[in-house]
Structure formats: structure tokens, C-alpha cells
Amino acid sequence: MAETGSLRQERLRKLEILEGRGIEPYPSSFRTTAEISEIVDRFSSLAPGARTGARPRLAGRITAIRRMGRATFLDLRQGEAKIQGYANQDGLAERYELLELLDIGDFLGVEGEVFKTQRGELSVDLASFTLLAKALRPPPEKWHGLRDVEIRYRQRYLDLLANEEVRRTFVTRSRIITAMRAFLDSRGFLEVETPILQPLYGGASARPFETYHHALGQRMFLRISDELYLKRLIVGGYPRVYEIGKDFRNEGISTEHNPEFTVMECYQAFADYHDIMDLAEELISSVARGVLGRTEIAYQGEEIDLAPPWRRVTLREAILEGTGLDIREERTKEALEREARRLGLRLEPQPTWGKAVDKLLSEFVQPKLIQPTFVLDYPVEISPLAKRKASDPSLAERFELFIGGLEMGNAFSELNDPLDQAARFQQQEEQRRLGDEETQVLDEDFLISLEHGMPPTGGLGIGVDRLVMLLTDARSIRDVILFPTLRAPR
RNA sequence: GGGCCGUUAGCUCAGUGGUAGAGCACCUGCCUUUUAAGCAGGGAGUCGCAGGUUCGAUUCCUGCACGGCUCACCA
């Protein structure tokens, strides 16, 4: 980080003068008697020119200073709330000149009577003030805010100070997660924590981050999913569990992907994927109602209604609708790719039939799924942890949820047949040999847990960052993650 | 990783083959109810980095770094 040259030098000079006068620029505390927001709430309807007799002690950051000779105004901000400080030479006497040593960005404690100026600005008539922390660097520009995305992401604190809508977004994010917890808790789900550092990764098709534990002398992975551990807890007898936490995938970065991202996964015993669709609808619509107060939202210019029930369409119908291709007719990779080409679809060659189906969905169907849509019944080939449909063993009882063109969730009736699960892992190995690099790895310990008996269970995973994007109308996942992954500057 | 675009003062941005500007911020002066305070004056830059072309490069070319968008993979 470069020095900011003369601006920083200037502040250092003021710091020295302050210290020379025996003023501690970083005192350990300042006892306030009120929050700025409380004073604003209490006195905002005061008439211009009125005085209150109230004399609170307040603290905040200086966000503006207007010096007018023997009178000075400054804006003091604490969180969202702001109040004006008014000081004049009559009131402060020889202390008045110390105001010269204050800068925008400094934290200040004040004491004085609350009043309203002739122009109607709620103010504190400073009887005294105390420097609480000197800022040595200037804040971003007050008028245009901070635009440079690199500074916004790397120094998010400046973004939060300069851009109010950014501050609001992260408040909303926090409320979404709180609402999610409240919903799940009210449904009897137990919040648990499972390992992030794992000897084996699984539960999704993705490349992991690898690390090494020195004392154990052992390779470890950062989890790519919570799934296999949460299912072990269902085996262990908890009927409903959930976890909200980070997963890590060693893949590309985009407006919809951050290498570490937040996921909510929940598992409910004696439920199937139809029950889970109901659960997902209720979860997301109730979060929207709780946080935004409504279920109609606008996302990137599209009007979306999150009120249940949501559209449910099979994967086959969705692809048929979106492309004209019937995946039930084209059962081999070659036939599917040939037909896609015949229809003029730009489909890159895929390693397997299942991957090609997945590609058709994400490429040609997903962008059109603006209203909440459950796409159900996926090929078993690409659903190695989901139970087969009784009526068609080539399909899995699985759905993905799309809203606003974003893939929002993934769920299935969990595969609890240990022998079929073993066979599926085997099948994944074969797909790996065909060139699919993101197949699931065999987890012997997980298989053993299934052999001890897992009840029929429905599971759901929601991409929390994407849900926040949807509810805050964010275009990029980086706008809902406080410190998104960036290359380290050299 | 590929393609396209960007990088100029602390911040927001102009601009040029002849060595750099504005607004905010900063400094000095005036100003005791201002509020994007005002008025007058002033300081501030390795023009992302490194090469090349040129009498001369911030400007043109090449490479690199970082960022954005996009394509490829995933939640």
C-alpha cells in the first residue's frame, strides 16, 4: 500500500502537535450516555431553532467538517445514524483552536446540548470534545463515493464507509442468514458443525483444495460439500440436521462463483424430494418475507414472485422445451451431440452422456428460468448420491432449483441403499476414466455408515451467496461476499 | 487458461508524440446557525511496471502485473 504522501504527512503533523499538548490521540475509552441514533429518533421532529436541555455524551466518526472562522460544524456518524456537531469560540474558549487538528475520519467523543439550527439540522452544541482515534489516511471522496472495484474489494472497509448501498447489502445478508436459521430451528432442525478439514473430500463433483497436516503427517482437503458428514448424523439418529458454512472448490472464479462460498445444507429423515421441494419453497419465501417484507422482488430488471407454489418440471421436459431435444430418445453421448448439432445448438463435446445433458440444461435452459423453477428427475449418471426413481431406475429423485437464471439449490431423496451407493461410486470411477475430472471419490467410511442403516431422507443444499444476490439484486457474487477471493498483489 | 477492455493526484475523472489538468480532499487567509458552506491564494503525480520505436513516449508497439467483462468448469 503506497503512502498517500502529503495528506498523510499533514495528519502526522497534527498528531505530533496533539501529543505535544499532552493529548492522547488513542485513548482507551469514552463513556457515552446515548447512541446517535437514539438522539436522532428522539429529537428529529424538533422545531428549527429549538433547544432541548438534553446534554448527552455521544461518539462517532467525523465525516465532514465545515469551518467558518469562529464557528465550526462537523458531521458525526455512528453506523447509519448521523448528527451535526456545532462548536463556537464562545462555548469552547481556548479549546476551540484544537478543532483545527481534527480531520475527516477521526473518531470523536462530544458532550453538549441537543438543539436544532435555524435551517432545521439536528445538532449538538459542543461543551467539550475528546479525540478518540486519529485517522492518518484520508477517506474516499465524499461525493462520488468509491468506484474502483479493486479498492472496493481489497479494502472493503473503505467501500462500506463510502457506499451506503454496500453497507445495506451486507446487513441484508446477515438478516437472510438469521432468518434462515430461525426458519430451520422452528422446523425442528438441529444446527451442527462438521469438519471443514477432511482426510477425503466428497458430496459433490468438484476439485478440492489440498493441504497438509504436519503432526499427523497426512494430506488433508478443504471440504467441497457438507453432505457425507451430515448424512452420517442422520445415521446417528438425529432426525433433522442442518449446517450453514463454507465450502471450497478449486475452480474458476466468475460472477457466480467464488472459491469459498457459503452453503446451507439440511437433511430431514422420513422425507423425500417432494417434501424437500415444499421445504425449499417455504424456506426461501419466508426468508424473503421476513427480510424484505414481501415475496415479489426485482432481480436484474426481471420481476420475480417467490410466493409458493413454484413451477415443477422434469429435466426431460425442460430440455425439450428449451432446445427441442428429447434426452429420452438420444440415450448415447454420440446421438445426443449429433442431434444437438442438427438443431444448431453450440454444444462442446462432453466426456459423457450425463455431462452433455447437464450442459444442455445449464447452457440453453437455465438462463430462461427466471421465475422459481424446480427441475426434477436427473439422470442417475450425474446424481451419484441420489436415490433411483422407483418408476424409472435410470432417473434419480433429484431436483435443482433455479431462480433469476441462477442455480440456487440442489436436492434429492438421499440414496440410502449401501450396495447401490457402492455401485455408484464404482460408476464414478469409470466416468473418471472417460475423462471426467470431477467425479466423486469412493468414501469407504461413508459406505460403512450406510450399511448401519440410514432412514429414507430428503436433503437440500442452498447456495447462500446466490440467495443473497437474488434478494439484494446483486449482479456479481463478489458484491455479496465481504472479502471475495482475489489474486494477491505482488 | 483464451478473448476483449481498463490502470493518470488520496478519491472521482478529463487529456496529449513536445514532458499533465478539473472537481472533491489537503494547506494558508477571511468568515459565530453552516450543510456538496462560500470567497481568495497555494501545494500535490515514477500518467500500473519493464523493454522497444522516436530527437523526444504518459501518449505508438511488445511483454508483464493487477482488475473487470466474457468463454471454458461448478453451488
Side-chain angles (χ1 to χ4, degrees), chain A residues 1-11 13-14 48-49 63-75 82 84-92 96 100 103-105 115-121 123 125 136-154 158 161-162 203-207 224-225 246-265 346 348 350-351 355 358-359 362-363 400-402 406-411 436-438 461-467 469 475-478 484 486-490:
Chain A
M1 192 69 218
E3 296 291 303
T4 56
S6 61
L7 296 182
R8 183 166 180 273
Q9 289 305 319
E10 185 58 37
R11 287 171 181 239
R13 184 182 68 84
K14 292 174 181 172
T63 56
I65 304 178
R66 293 174 291 280
R67 301 182 207 275
M68 305 190 52
R70 281 175 287 279
T72 295
F73 298 87
L74 47 85
D75 291 345
K82 189 192 85 176
Q84 176 171 264
Y86 170 69
N88 63 35
Q89 206 161 40
D90 298 341
L92 290 170
Y96 184 80
E100 290 297 318
D103 284 295
I104 294 171
F115 74 108
K116 217 162 207 182
T117 62
Q118 304 298 341
R119 305 286 281 268
E121 184 77 31
S123 307
D125 190 356
L136 297 182
R137 290 170 187 266
E141 202 233 16
K142 66 176 176 183
W143 194 238
H144 299 92
L146 182 67
R147 298 275 170 75
D148 185 320
V149 289
E150 194 166 348
I151 301 177
R152 287 187 45 222
Y153 296 152
R154 289 193 197 279
L158 295 180
L161 289 172
S205 304
R207 292 174 57 192
I224 58 172
S225 150
K246 290 227 175 136
D247 287 353
F248 306 83
R249 297 191 184 174
N250 209 337
E251 287 159 357
I253 296 176
S254 77
T255 49
E256 291 168 45
H257 301 86
N258 196 61
E260 59 177 296
F261 59 103
T262 301
V263 171
M264 188 290 296
E265 281 194 36
R346 208 172 53 84
E348 310 273 321
Q350 299 294 317
K355 280 270 172 183
D358 208 27
K359 192 74 196 158
S362 58
E363 192 92 349
E400 287 189 301
L401 168 62
F402 299 90
L406 296 171
E407 186 178 341
M408 200 61 68
N410 186 21
D436 185 348
E437 291 178 357
E438 292 176 337
I462 300 258
V464 172
D465 309 290
R466 288 183 184 169
L467 180 60
M469 287 170 69
R475 213 178 82 76
S476 168
I477 199 167
R478 283 181 291 263
L486 295 180
R487 199 184 297 267
R490 294 181 196 175

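All values derive from a computational prediction rather than experimental measurement. Values below: every heavy atom of this structure, side chains too, minus hydrogens, waters and symmetry copies. In what follows, chains carry the letters A, B, and so on, assigned in the order in which the sequence lines appear, proteins first and then strands, with residues in each chain numbered from 1.
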Q: Any side-chain N or O of A/R207 below 4.0 angstrom from OP1/OP2 of B/C73?
A: no

Q: Would you check if A/W143 stacks with the base of B/G23, given a 5.5 Å centroid limit and a 30° plane limit, both strict?
A: no

Q: Roughly, in whole Å, what's the span from CG in A/D148 to P in B/U7?
A: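 One finds 11 Å between P of B/U7 and CG of A/D148, rounded.
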
Q: Given the structure, check if the side chain of A/E121 and the base of B/U34 hold any donor-acceptor pair shorter than 3.5 Å.
A: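 Answer no: no donor N or O sits under 3.5 Å from an acceptor.
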
Q: With side-chain contact (heavy atoms from CB on, under 4.5 Å) as the criterion, how do A/D465 and A/N258 come out once you've worked through the C-alpha distance, each side chain's angles and the decisive distance to 0.1 Å?
A: CA-CA 9 Å; A/D465 309 290; A/N258 196 61; over 6 Å; no

Q: Tell me what A/G463 touches on the nucleic acid: a base, only sugar-phosphate, or nothing, going by heavy atoms under 4.0 Å.
A: nothing

Q: With a cut-off of less than 4.0 Å, is there a side-chain N or O of A/K142 near OP1 or OP2 of B/U35?
A: no

Q: Is the shortest side-chain N/O distance from A/R70 to OP1 or OP2 of B/C31 below 4.0 Å?
A: yes

Q: Quick one: is A/R137 getting a side-chain N or O under 4.0 Å of the B/C11 phosphate, OP1 or OP2?
A: no

Q: Within the structure shown, what part of the strands sits under 4.0 Å from A/E260 by heavy-atom distance: base, sugar-phosphate, or nothing?
A: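 No contact.
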
Q: What is the nucleic acid contact for A/R478, judged by heavy atoms within less than 4.0 Å: base, sugar-phosphate only, or nothing?
A: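 Sugar-phosphate: the residue A/R478, judged by heavy atoms under 4.0 Å, touches backbone atoms but no base.
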
Q: Heavy atoms only, 4.0 Å cut-off, all strands: where does A/R66 land among base, sugar-phosphate and nothing?
A: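 Base contact.
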
Q: Categorize A/S205 for me: base, sugar-phosphate, or nothing, with a 4.0 angstrom heavy-atom threshold over every strand shown.
A: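 Sugar-phosphate, backbone atoms only, no base.
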
Q: Should A/R119 be listed as having a side-chain N or O under 4.0 Å from OP1 or OP2 of B/U35?
A: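 True: A/R119 side-chain N/O within range (under 4.0 Å) of B/U35 OP1/OP2.
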
Q: Check the phosphate of B/G10 against A/R8, side-chain N and O only, distance under 4.0 Å to OP1 or OP2. Yes or no?
A: no

Q: Is any side-chain N or O of A/E141 under 3.5 Å from a base N or O of B/G23, one able to act as donor and the other as acceptor?
A: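 Result: at least one qualifying N/O pair found.
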
Q: Base, sugar-phosphate alone, or nothing: which one does A/T255 contact when heavy atoms must sit under 4.0 Å apart?
A: sugar-phosphate

